[in-house]
Number of protein chains: 2
Amino acid sequence: MSSPALMSPYLMIRNAIIAQEFPPRAQLVENALAKKYNVSRTPIREALRRLETEGLVERYGSRMQVREYRPEEMLDLYEVRSFLEEAAAKTAALRHTDMDLMLIERAHQSMLDIKFEEASAAQMAAANRTFHERVWAASHSAALVDLLDRILVHFIRYPGTTLSTPERWSQVLKEHEELVSAIRDRDAESAGKIASVHMEEAKNIRIEMYIDAQEIAPS
Amino acid sequence: MSSPALMSPYLMIRNAIIAQEFPPRAQLVENALAKKYNVSRTPIREALRRLETEGLVERYGSRMQVREYRPEEMLDLYEVRSFLEEAAAKTAALRHTDMDLMLIERAHQSMLDIKFEEASAAQMAAANRTFHERVWAASHSAALVDLLDRILVHFIRYPGTTLSTPERWSQVLKEHEELVSAIRDRDAESAGKIASVHMEEAKNIRIEMYIDAQEIAPS
DNA sequence: ATTCTACCACCTGTATACATTTTGGGGTTA
DNA sequence: TAACCCCAAAATGTATACAGGTGGTAGAAT
């Protein structure tokens, strides 16, 4: 994260939304943002349009406001991601080149090299993301990668990670191992199934996290 | 299609691209477009940004140009659509309300009411699209609908329809009938399978169309 | 003839000024 | 008191002016 002055209004506003500096349903007024970030309305408008297409910001009439979100929405997102990851895994199994496989294996090895106690949550999440991205790439379907990107954007708004315990971490590694094998064997059905189950588990962990949060701070 | 003056620059440019008035790789220069459509650069810029996120237009450095496309890409799109329609059908089977089912059945009936000889291709395509949209809606997954919308945008660039023969039309009706039944029975597996096969067939028809076109006008 | 340089034309990025629409409030009336 | 209307203020939509950067070309020198 570089200094504010070097960041585009798009990223500035985006970060502010994620940090809840602008809470859900907050009105995003062009003039106010322009003053706040010391640029003219023009770049602000473009940033808002972009955030709108990403789905972080919504129009109400002509006004823009921060999109609301409900924790339940997370389940929807995981569900769709599950379908897409299944599709990507299947397709990757059928279409991967030797190079694709090498890149996937290397990403997997990077995750194996991480010591859970020493690494930061961000590091682990990044390594995990890289692994999945390499699987996507191996599908050789630009359309599929585009959709996966689009879905994952929404996850930003939900804090935390599903990789937070050593048990889960080693479980993830085991499942990735299986996924790599299935892809290597060009076994599309298995690969799809593994990816799907993998996501289903992440979803369930999220549900637990949500319920725990509810019990600590009930409405 | 209303008169040009009433259409937003976004739609104007979009139509022009689809009509190949701006061929693939054509530079889209803001000033030129502004003069052509009698508006200032500001709305033109917004239109281009929007088209960029839709994927009809691409940046090369800071220049914008019409995105290239290859007929083979169509297969990718159908493949991804197939996954998504399968997901939507499965989810709709599990989650539909009585109202959802009624709307689906009504859309299906509308298609049955169409006489192939009398109806235009556009009418048939529209009725077909409505049917599918109602299935999507019955999934109650906003994220899924969003992705389907996003994928279908790209189909615009490829002319023609897969519903062009009476045989195919009645085949489509039969498969829709089966899909409605599976959804009604809340049989997710069948519904998913039917939707998936349905799309696979459309893909194959596209391949035939492409090959035929190649033979008539070889490179 | 070829290459290097300098300049000019063009295009995008940004700011600002102007136009239009929407909204919220206050006062009047039924 | 509630409803309606009108007006003022504010926010968005649009146009225009200005700045910065890039590419291409003409001309000169080798």
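All chains are named by letter (A, B, ...) in the order of the sequence lines, taking the proteins before the strands, and each is independently numbered beginning at 1. None of the values given here were measured: they were computed from a predicted structure. Values below: every heavy atom of this structure, side chains too, minus hydrogens, waters and symmetry copies.
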Q | Pairwise side-chain contact, B:Ile44 with B:Leu48, heavy-atom cut-off 4.5 Å (strictly under) | A | yes

All N/O contacts under 3.5 Å from nucleotides 18-21 of chain D to the protein, with atom names and distances to one decimal?
none

**Q.** Heavy-atom closest contact (A:Leu77 atom, B:Ala143 atom, distance)
**A.** CD2-CB, 4.0 Å

Q. Does the cation-pi check pass for A:Arg106 over A:Phe131, that is, NZ or CZ under 6.0 Å from the six-membered ring centre and within 45° of its axis?
A. no

Q | Within 45° cone and under 6.0 Å: B:Arg168 NZ/CZ vs B:Phe116 ring | A | no

**Q.** Six-ring centre of A:Tyr60, A:Arg25 cation under 6.0 angstrom, axis tolerance 45°
**A.** yes

Q: Output the residues of residues 47-59 of chain B in contact with DNA chain C, where contact means a heavy atom of the residue under 4.0 Å from an atom of the strand; sort by number or write none.
A: B:Arg49, B:Arg59

**Q.** Residue of the set B:Glu54, B:Glu52, B:Glu58 for which side-chain contact (heavy atoms from CB on, under 4.5 Å) holds with B:Leu56
**A.** B:Glu54

Q: Would you kindly compare B:Ser62 and A:Asn38 by the position of their nearest DNA chain C nucleotide and give the one closer to the 5′ end?
A: B:Ser62

Q. B:Lys35: what forms a side chain to side chain donor-acceptor pair (under 3.5 Å) with it, not counting sequence neighbours?
A. none

Q.
Would you call the rings of B:Tyr69 and B:Tyr158 parallel, tilted or perpendicular, taking 30° and 60° as the class edges?
A. perpendicular

(Q) Under 4.0 Å, heavy atoms only, any strand: does A:Thr42 hit a base, just the sugar-phosphate, or nothing? (A) base

Q: Please work out which of the three classes, parallel, tilted or perpendicular, describes the rings of A:His176 and A:His132, given edges at 30° and 60°.
A: perpendicular

(Q) With a 6.0 Å cut-off (strictly less than), is the heavy-atom count around CG of A:Asp212, excluding the residue itself, greater than 12? (A) yes

Q | Spacing between A:Glu46 atom CD and D:dT12 atom P, to the nearest angstrom | A | 15 Å

Q: Heavy atoms only: give me the nearest A:Pro23-A:Glu21 pair and the separation to one decimal.
A: CD-O, 3.5 Å

(Q) Ignoring hydrogens, what is the shortest heavy-atom contact between B:Ile183 and B:Ala89? Give both atom names and the distance. (A) CG1-O, 4.4 Å

Q: Output all residues satisfying side chain to side chain donor-acceptor pair (under 3.5 Å) with B:Gln27, sequence neighbours left out; order by chain, then residue number.
A: none

Q. For residues 21-36 of chain B, which residues have at least one heavy atom under 4.0 Å from DNA chain C?
A. B:Leu28, B:Val29, B:Glu30, B:Asn31

Q: Walk along DNA chain C from 5' to 3' and tell me the first and last nucleotide with an atom closer than 4.0 Å to a non-hydrogen atom of chain B.
A: C:dC11 to C:dT14

